[in-house]
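Just below is one structure, and these are the notes that go with it.
What you are looking at is a predicted structure, and each value in this text was computed from that prediction instead of being measured.
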Amino acid sequence: MFLCMRTTIQLDDQLLSEAKQHAARTGRTVKAVIEDALREALARTETPRPQARVSLQTFKGRGVQPGVDLDDISSLLDLIERDDGPA
């Protein structure tokens, strides 16, 4: 047995009007239309989308320089912004 809870929600007037029209066209109640729409929205969010495979380009280099802490954003910004002269 399903338990139902009475609740109040505020809907945009235009959205409610469209829901009422849809309910009338399909011979259902506004409650049924809203419940179905909510179920569909929740089902879409529960199914994870497959992740697109990303190919990252790599470059030769010397790696992380001594003393560089990749977890310290402030120090990284200081290193990036300091003036080392002509490159």
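Under a 4.5 Å side-chain heavy-atom cut-off, the cluster of Ile, Leu, Val, Met, Phe, Trp and Tyr residues that includes V33 has no other member. In the hydrophobic clustering (ILVMFWY side chains linked at under 4.5 Å, chained through shared members), V54 is joined by L56.
Annotation for D13: atom CG does not count as buried by contact number, only 12 or fewer foreign heavy atoms lying within 6.0 Å.
T26 places a side-chain N or O within 3.5 Å of a backbone atom of H22 that can act as its donor or acceptor partner.
With sequence neighbours left out, the side chain to side chain contact (heavy atoms under 4.5 Å, CB included) criterion links Q14 to D12, E18. With sequence neighbours left out, the side chain to side chain contact (heavy atoms under 4.5 Å, CB included) criterion links L70 to V64, V68, L76. Not a single side chain to side chain contact (heavy atoms under 4.5 Å, CB included) links S55 to another residue, sequence neighbours left out. Annotation: side chain to side chain donor-acceptor pair (under 3.5 Å) contacts of T29 (sequence neighbours excluded): none. K20 meets the salt bridge (Lys or Arg N to Asp or Glu O under 4.0 Å) test with no other residue; sequence neighbours excluded. In this structure, the salt bridge (Lys or Arg N to Asp or Glu O under 4.0 Å) partners of D36, at least two apart in sequence or on a different chain, are R28, R39. For D69, there are no side chain to side chain donor-acceptor pair (under 3.5 Å) partners at least two apart in sequence or on another chain. By the side chain to side chain contact (heavy atoms under 4.5 Å, CB included) test, A24 is found to be paired with no residue, residues two or more places apart in sequence or in another chain being considered.
The CG atom of D72 sits 9.0 Å away from the CG atom of L77 when rounded to the nearest 0.5 Å. Taking CD1 of I34 as the reference point, atom CG of L15 lies at 7.5 Å (rounded to 0.5 Å).
Grouping the Ile, Leu, Val, Met, Phe, Trp and Tyr side chains by contacts below 4.5 angstrom, directly or via other members, places I9 with V30.
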